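Quick notes on the structure that follows.
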Protein chains: 2
Amino acid sequence: MSEKTVHATVDDVAALAGVSTATVSRCLNAPDRVVPATRAKVMEAIRALNYSPNFGARALASRRTGIIGAVVPTLENAVFAHGIGAFERSLPPGKFALLVASCGYDPEREKQQIEALVARGADGLLLVGFDRDPAIYDWLAIRKVPYVLAWACGDSHSYAGFDNAAGMAAMVRMVLDLGHRNIAMISGLTQGNDRARGRLDGARDLLAQEGLAFRNVAEVPYGLESGARAFAELMTDRSITAVICGNDVLAAGALRAAHRMELHVPKDVTITGFDDIDIASITFPELTTVRVPHTGMGEQAAALLERLIEGKRGESVLLPTEIVARGTHAPPAARKRFAKV
Amino acid sequence: MSEKTVHATVDDVAALAGVSTATVSRCLNAPDRVVPATRAKVMEAIRALNYSPNFGARALASRRTGIIGAVVPTLENAVFAHGIGAFERSLPPGKFALLVASCGYDPEREKQQIEALVARGADGLLLVGFDRDPAIYDWLAIRKVPYVLAWACGDSHSYAGFDNAAGMAAMVRMVLDLGHRNIAMISGLTQGNDRARGRLDGARDLLAQEGLAFRNVAEVPYGLESGARAFAELMTDRSITAVICGNDVLAAGALRAAHRMELHVPKDVTITGFDDIDIASITFPELTTVRVPHTGMGEQAAALLERLIEGKRGESVLLPTEIVARGTHAPPAARKRFAKV
DNA sequence: TGGTGTGATGTAAGCGCTTTCATTTGGACA
DNA sequence: TGTCCAAATGAAAGCGCTTACATCACACCA
């Protein structure tokens, strides 16, 4: 006990204000249950003592922390940085704070992070996608920790997200409508990543529906260089006139490779992205891509999770994606156009 | 009391393992102070009961939360997203978790966020830059909350950062060495932003040292379009041969504007950035910029803050910046070159 | 004027863990 | 085999707050 606690406690405030600790507590947590005159006295005492409630004690007694946890693959990816940013901004200020953890796309690490956040008292969780060990969902259910899934949709869980497959299908539809038939795709790694898989499947299914298939599909890690290499590889097949990319970073890489190969975009080859992050409007030409409502999603996810935490029912939210037609698409050149089937 | 707590407590574990609660606690917090045989029994009981310690109780009793808070202007800016990402990854897993808040460059909101994080029990804080109301520092001192400043340096506080002025001065030096004399700058808003101010001052001071000055300086908000507009404006002065930008986003905007004005970069005009974020290598031509060690900074900041939280002394860290010479710089065209003064 | 209902406030019992201090245990040593 | 010391363990006192319940004051109505 070499050092006495410097901070005023609720008892000090109560004593100074001449009320009970219960009243002090009420002033802070349910001000309208205290008569204004009393409240004024208490607030004055709080100010005088420079009091602020002890977090641990409050959490212990109220069984609530006001902390929400989020696990994302990485913040390096603008997609998640923006989504998390919007999510955080949408949380009622003062009421909730955001605990952020990243897992580097590693399912095992994601599990640890979820446990760590819950151990840190998270009242609720924001997770990315739905593809994970069912044991995790069981565990969350037992612990009664509400959660919202984002960047995906359609599962039996609560979500605020969008349809990766549909978004990509729309893009492929547009490319088909331009007349392309020899199409390749550069997909992100689909292993344990339902977003990447959804996009790939969405594209494949739409092609199949038209009796077509990709000439080739490269599945590569996230990254500019990764996209560039895959593109160079793919284009050794001289018949290919369009390359669908699983995200904007891969597309930007492909675009760079096209540059270096002295392929003219979009005259010689059409390249499309997905996400519509900043870089999509910085490339030359600017990237034709699928806009994902990252900001709206963050907001909706916050609202939904808040409801769940309060024990209310909350409807999942499916947000629309939208094609942003910029400069990297065109009809195939020097090739016979096919009528739409 | 309609619903009994579902979770096992330390008492349950102690009972099942046939030890006291103190021993259970020690098994969790100081395993080496318990004999292996006992520890095994306890661990077994913990597993059997699916026990995990209550966060609030732990925080209350130990006066520690293992939570670190960070306030950044925004996660939309890749610079902060990367730094925070690296910071989070560098925190000893399981030992600390990261509470993230953003303030949108608003000092008042930053203050609120700092208070909110401390109220949430943050054991320590990561803040951006040193430019803030002294009252905040006083308040943190009274509360004995350790903190580390990042993205800046040289103040009397603990920091892990770099020298904005020096980094920018180096860039201006390079531009001078190329022969440019009619130089303009597009700076971020310096109001309440020591990083932007440091960069601007660093550039100005270096010029002054050579007996020169900027032909013109635009101070504009962060953003692509913002940079584009400023550039167009600036270039109405036909004598300008180089435009120094306060960050990569402004530079990318300037580059886009140059494109639209059919100015050839770097032949007609040199454009430089600062930060070296992803977009710097996606522009065409790729951007010549100042690399900032965002990742290393995040790591160092984490290490430093951890030391401070443990009550040890920690040395501030000054990280070097580095010029990345890519494709947007060249000697001034059709102009007499000046010898270096 | 007394009964009664309503809203404000007080009383006090925990919440589940850590930690100090006391006690026990198990060897090492003579 | 008996002493003594260090290491291991146990007992119990909080940590500072919330909240169920009790109490009180007061206005209203019959």
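Since the model is a prediction, treat every value here as computed from it, not as a measurement. So that the names make sense, note that chain A is the first sequence line, chain B the second, and so on, each numbered from 1.
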Side chain of B:Val34 (C-beta onward), nearest among C:dT19, D:dT9, C:dC17 = D:dT9
ask   = Are A:Arg58 and D:dT18 close enough that a side-chain N or O sits under 4.0 Å from OP1 or OP2?
value = yes
message = Taking any heavy-atom pair under 4.0 Å as a contact, classify A:Thr38: base, sugar-phosphate, or nothing.
response = sugar-phosphate
ask   = At under 4.0 Å between heavy atoms, what does A:Arg64 touch on the DNA or RNA strands: base, sugar-phosphate, or nothing?
value = sugar-phosphate
task = Answer with yes or no whether B:Arg26 presents, from its side chain, a donor or acceptor under 3.5 Å of a partner atom in the base of D:dG10.
result = yes
ask   = So which nucleotide from D:dA11, C:dG16, C:dG10 ends up closest to the side chain of A:Ser20?
value = C:dG10
query = Out of D:dA11, C:dG16, C:dT18, which has the shortest distance to the side chain of B:Thr9?
reply = C:dG16
query = Is a side-chain donor or acceptor of A:Arg39 paired with a backbone partner of A:Val34 at a separation under 3.5 angstrom?
reply = yes
message = Check the orientation of B:Phe80 and B:Trp151. Use parallel for under 30°, tilted for 30 to 60°, and perpendicular for over 60°.
response = perpendicular
request  = Measure from CG on B:Asn54 to P on D:dC17 and round the result to the nearest Å.
outcome  = 16 Å
query = Taking the six-membered ring for Trp, is the centroid-to-centroid distance between A:Tyr147 and A:Tyr137 below 6.0 Å?
reply = yes
key: Separation of atom CZ in B:Arg63 from atom C1' in D:dC15, rounded to whole Å   = 6 Å
request  = For A:Val19, report the nucleic acid contact type (base, sugar-phosphate, nothing); a contact means any heavy atom under 4.0 Å.
outcome  = sugar-phosphate
ask   = Base, sugar-phosphate, or nothing for A:Phe55, non-hydrogen atoms under 4.0 angstrom?
value = nothing
key: Distance below 4.0 Å between A:Ser25 side-chain N/O and D:dT18 OP1 or OP2   = yes
task = Report which part of the nucleic acid A:Thr23 touches: base, sugar-phosphate, or nothing (heavy-atom distance under 4.0 Å, all strands).
result = sugar-phosphate
ask   = Between atom CG in A:Asp32 and atom P in C:dA8, what is the gap in whole Å?
value = 9 Å
ask   = What are the two closest non-hydrogen atoms of B:Gly56 and A:Ala59, and how far apart are they?
value = CA-CB, 3.9 Å
ask   = Using a cut-off of less than 4.0 Å, is there contact between a side-chain N or O of B:Asn29 and OP1 or OP2 of C:dT18?
value = yes
message = Using modelled atom types and a 3.5 Å cut-off, is there a donor and acceptor pairing between side-chain atoms of A:Arg33 and backbone atoms of A:Asn29?
response = no
From D:dT18, D:dC17, D:dT9, nucleotide with atom closest to B:Val35 side chain = D:dT9
